[in-house]
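So you know, we letter chains A, B, ... as the sequences are listed, proteins then strands, and number each from 1. Given the structure is predicted, the values throughout are model-derived calculations rather than measurements.
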2 protein chains.
Amino acid sequence: MGSGKTAGATAGRPRLSGSVGGAPRQEIIREATALFIAKGYAETTMSEIAHAAGLRQSSVYYWFARKEHILQALLEENRGSLQMARALEPAPEPAAARLYAVLHADAAQLCASPLDFYEFERVARSQPQNFGAFFEDYSELHRRAASIIRQGVDSGELRAVDPEAAATAALGLNEGLQRHYRQPLPGLHTYTADDVSTLSVDTTLASLLRNHDALPGVRTQAAGLMTANSPAES
Amino acid sequence: MGSGKTAGATAGRPRLSGSVGGAPRQEIIREATALFIAKGYAETTMSEIAHAAGLRQSSVYYWFARKEHILQALLEENRGSLQMARALEPAPEPAAARLYAVLHADAAQLCASPLDFYEFERVARSQPQNFGAFFEDYSELHRRAASIIRQGVDSGELRAVDPEAAATAALGLNEGLQRHYRQPLPGLHTYTADDVSTLSVDTTLASLLRNHDALPGVRTQAAGLMTANSPAES
DNA sequence: GAGACTTTCTATAGCTTATCGAAATATCGG
DNA sequence: CCGATATTTCGATAAGCTATAGAAAGTCTC
């Protein structure tokens with residue numbers, strides 16, 4: 001198996017294409033990602049990935065025994081959605097602003113991800129043993145979002161809703177709208193990633209806030225939290 | 001082509017299986033629907049459909065030249081989501097109640113449909129020439145929902161939102177939550193079809209209503225509209 | 001009963017994912 | 001420097017999928 005070495009420079013049989021990229025595993029992931037973005041996971045074939053990486057179809061299987069393993073590797077590189085939720089769930093700021101920041105980060109990441117959330121979920125469900133991390137991450141995000149909502153309900157910032165259900169609705173709206181961003185339906189207005197993220201989170205908070213007029217203030221507070229807790233300052 | 005006759009009783013070469021169901025086209029749709037519900041569209045093969053209907057794999061192609069045509073026929077049988085929107089968009093009742101009724105009917109139909117909305121959309125997008133009706137229906141529903149929202153904004157029932165964006169969010173939430181009903185994520189609470197429909201529509205209206213306290217009254221009004229305009233009394 | 005029409009069959013092409021063993025190179029011990 | 005071993009790629013191919021082509025087996029019409 002090639003899973004051990006990742007940077008083998010010049011061993012093994014040479015490629016027919018002549019290319020000698022340093023890290024085949026990373027090269028395959030890179031090319032596959034570009035193809036997934038352009039055509040989607042299901043519509044991208046191993047032959048196309050192989051050709052883009054300068055290999056024959058069957059050679060890709062030396063690095064990834066199954067097509068889903070490429071997706072899995074891609075997922076593990078794109079972690080970090082939870083950082084905001086982990087940082088903000090126990091923070092002292094108002095719950096509404098923390099919820100806004102967490103949901104906005106989630107929505108933005110769904111839009112920025114190379115793969116449609118539902119295509120991801122589809123593959124994850126067909127290979128649960130390999131995608132346990134996907135479900136664990138989702139479950140943790142849901143739990144932390146519900147916890148923040150509960151804090152907001154207790155503090156009186158938010159209406160007296162069921163936190164679990166409200167979290168499900170908030171994440172479901174993020175997911176439903178990332179789809180509209182990614183695959184605009186013909187005839188409908190198209191949105192930017194930030195448009196749909198803001199639309200999604202504004203809608204959720206408008207439904208939860210006890211007082212609608214607080215929304216602009218919440219947005220401002222959240223903007224501060226988001227820059228302070230963004231993963232960019234690692 | 002077999003598209004002309006639909007009830008051919010006893011012509012043609014007899015089946016090896018011996019079965020002699022009266023209307024092969026309907027029989028194929030029925031069996032395919034059951035398989036789509038159980039396994040999803042992509043995971044159901046033409047061999048399985050054929051076997052369930054008492055035919056060989058290639059014989060199904062006499063009735064449906066492509067696998068997507070079965071889905072298309074299935075879609076045409078499950079129309080009627082728009083009836084509520086068509087009836088209520090110009091109705092004199094308060095806009096909030098009409099919006100509630102329309103969105104609840106849409107959410108309920110998404111849950112009751114034999115196929116996941118996104119799987120439908122996926123196939124429709126790959127065969128746009130055959131699924132024009134799907135996109136037209138969606139576009140019309142969106143337009144009518146936006147129109148009702150605009151009426152509500154003008155009358156002061158609803159907050160001063162952008163009707164187009166609000167309609168996109170409302171339908172997107174319905175779609176995102178039907179997914180949670182249909183494919184519960186491991187570890188999360190599971191909901192009934194009515195649970196998710198109510199959660200979705202309550203969330204949308206809570207975000208749009210100028211006054212949250214009006215929600216229970218809107219629900220009651222909407223219940224009246226829904227029974228009065230339900231397609232069951234055709 | 002001959003010919004046309006309808007429906008199903010068998011066979012197969014072409015595409016996909018995935019496996020297997022051989023081939024071609026680098027590396028290491030002597 | 002040379003043979004054994006490890007690494008990487010290749011070609012061939014199996015098995016499953018959608019879809020097509022043409023033969024086969026009935027009914028129907030006159």
Carboxylate-amine/guanidinium contact [X] [Y], below 4.0 Å:
X: A:R30; Y: A:E27; value: yes
X: A:E121; Y: A:R125; value: yes
X: B:E140; Y: B:R86; value: yes
X: B:R122; Y: A:E119; value: yes

Could you check how far [atom1] of [X] sits from [atom2] of [N], rounded to whole Å?
X: B:F64; N: D:dT20; atom1: CZ; atom2: C1'; answer: 18 Å
X: B:R13; N: C:dT6; atom1: CZ; atom2: P; answer: 18 Å
X: A:Y61; N: D:dT13; atom1: OH; atom2: P; answer: 18 Å
X: B:Q57; N: C:dA11; atom1: CD; atom2: P; answer: 14 Å
X: A:W63; N: C:dA18; atom1: CH2; atom2: P; answer: 18 Å
X: A:I70; N: C:dA18; atom1: CD1; atom2: P; answer: 9 Å
X: B:E48; N: D:dT18; atom1: CD; atom2: C1'; answer: 13 Å
X: A:M46; N: D:dC17; atom1: CE; atom2: C1'; answer: 17 Å

Item to check | Exam field: side chain A:R150 to backbone A:P163, donor-acceptor pair closer than 3.5 Å | outcome: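 Checking the backbone N and O of A:P163 against the side chain of A:R150, no donor-acceptor pair under 3.5 Å is found.
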Next on the checklist: Under a 3.5 Å distance rule, please check whether A:T33 uses its side chain to pair with a backbone N or O of A:I29 as donor and acceptor.
Outcome noted: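 Side chain of A:T33 to backbone of A:I29: a pair is present.
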OP1 or OP2 of [N] sitting under 4.0 Å from any side-chain N/O of [X]?
X: B:Y62; N: C:dT8; result: no
X: B:R56; N: C:dT10; result: yes
X: B:R15; N: C:dT7; result: no

Would you indicate what [X] reaches in the nucleic acid, counting non-hydrogen atoms under 4.0 angstrom: base, sugar-phosphate, or nothing?
X: B:T45; answer: sugar-phosphate
X: A:S19; answer: nothing
X: A:S58; answer: base

Item to check | Neighbours of DNA chain C within residues 31-39 of chain B, by heavy-atom distance under 4.0 Å | outcome: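 Close to the strand, none.
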The side chain of [X] is closest to which nucleotide in this list: [options]?
X: A:P14; options: C:dT25, D:dT9, C:dA18; answer: C:dT25
X: A:R66; options: C:dT17, C:dT8, C:dT19; answer: C:dT19
X: A:A11; options: D:dT9, D:dG11, D:dT7; answer: D:dT7

Item to check | Within 6.0 Å of NE2 in A:H69, more than 12 heavy atoms from elsewhere | outcome: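 Counting neighbours around NE2 of A:H69, more than 12 heavy atoms of other residues, nucleotides or ligands fall under 6.0 Å, so yes.
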